[in-house]
Amino acid sequence: MTGRWWRPELGLAVVVLVLGVLVVVGTLDVSAAASQLGIGPRFFPMLVGGAMVVVGLFYVADVLRGGHGDPEESEDVDAGAPADWRSVGLVSGIFLAFAALLDLLGWIIGASLLFFALSVVLGAEHKLRAAGVAVVLGVATYLLFVKGLGVSLPGGVLPL
């Protein structure tokens with residue numbers, strides 16, 4: 001059944017379409033009062049989900065008519081090189097560790113460790129600078145979400 005019509009582009013097109021449908025269907029259960037402008041909490045998820053459905057439909061149609069992704073034409077990329085599965089595994093492990101330890105460590109420490117570990121795995125040459133930037137990003141994102149957006153993030157071991 002994996003004939004000529006099935007290609008990776010079609011897989012991505014179907015994923016976009018299905019995710020759009022799931023967003024729209026999941027948004028139908030949201031119920032709350034609309035704001036003064038008449039825009040309720042379902043407006044933006046429906047807008048994004050609807051756009052994903054439209055893009056997914058056009059993408060599926062394009063792929064089925066023979067469309068395909070353009071090959072990489074950058075001069076510093078070797079399209080024939082094998083994937084770096086070690087880095088993929090390390091990055092995946094870092095994200096899983098972050099998710100597992102977030103409540104225990106809290107956002108500032110957990111996010112700082114996340115940013116630092118990712119920068120090291122992805123090739124940061126100056127580890128001390130990477131650590132400093134990671135801490136600044138951890139604190140900045142905490143303040144942005146907690147103070148700016150009013151979102152509650154775990155404090156963990158820090159008395160926040």
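Residues F95 and L101 fall within the same hydrophobic cluster, defined by Ile, Leu, Val, Met, Phe, Trp and Tyr side chains chained together at heavy-atom separations under 4.5 Å. Linking Ile, Leu, Val, Met, Phe, Trp and Tyr residues whenever their side-chain heavy atoms come within less than 4.5 Å places I94 and L104 in a single cluster. V136 and L128 are assigned to two separate hydrophobic clusters, defined by single-linkage of ILVMFWY side chains at heavy-atom distances under 4.5 Å. Clustering ILVMFWY residues whenever any of their side-chain heavy atoms sit less than 4.5 angstrom apart, transitively, puts L105 in the very cluster that holds L158. By the criterion of side-chain heavy atoms lying less than 4.5 angstrom apart, applied directly or through intervening Ile, Leu, Val, Met, Phe, Trp or Tyr residues, L102 is not grouped with F116; the two fall into different hydrophobic clusters.
The two residues G138 and S112 make their nearest non-hydrogen contact at CA-OG, 3.9 Å. Closest heavy-atom contact between V23 and P45: CG1-O, 3.3 Å. Residues F98 and A111 come closest through the heavy atom pair CE1-N, 3.6 Å. Shortest non-hydrogen contact noted between V24 and G50 is CG2-N, 3.7 Å.
Atoms CG and CG, on L10 and L17 in that order, are 10.0 Å from each other to the nearest 0.5 Å. Taking OG of S152 as the start and CH2 of W107 as the end, the distance is 12.0 Å to the nearest 0.5 Å. One distance of note links CG of L114 with OG1 of T141; it measures 9.5 Å at 0.5 Å rounding. To the nearest 0.5 Å, atom CG of residue L118 and atom CG of residue L113 are 10.5 Å apart. Between the CG atom of L90 and the CH2 atom of W85 there is a distance of 13.0 Å, given to the nearest 0.5 Å. Separation of atoms OG1 (T27) and CE (M46) is listed at 6.0 Å; rounding is to 0.5 Å.
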Please assess L12 against Y59 for the test side chain to side chain contact (heavy atoms under 4.5 Å, CB included), listing each intermediate value before the final yes or no. CA-CA 9 Å; L12 180 60; Y59 195 13; 3.7 Å; yes
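A heavy-atom distance below 4.5 Å is found between the side chains of L122 and V91. Counting heavy atoms from C-beta outward, V14 and V18 have side chains that approach closer than 4.5 Å.
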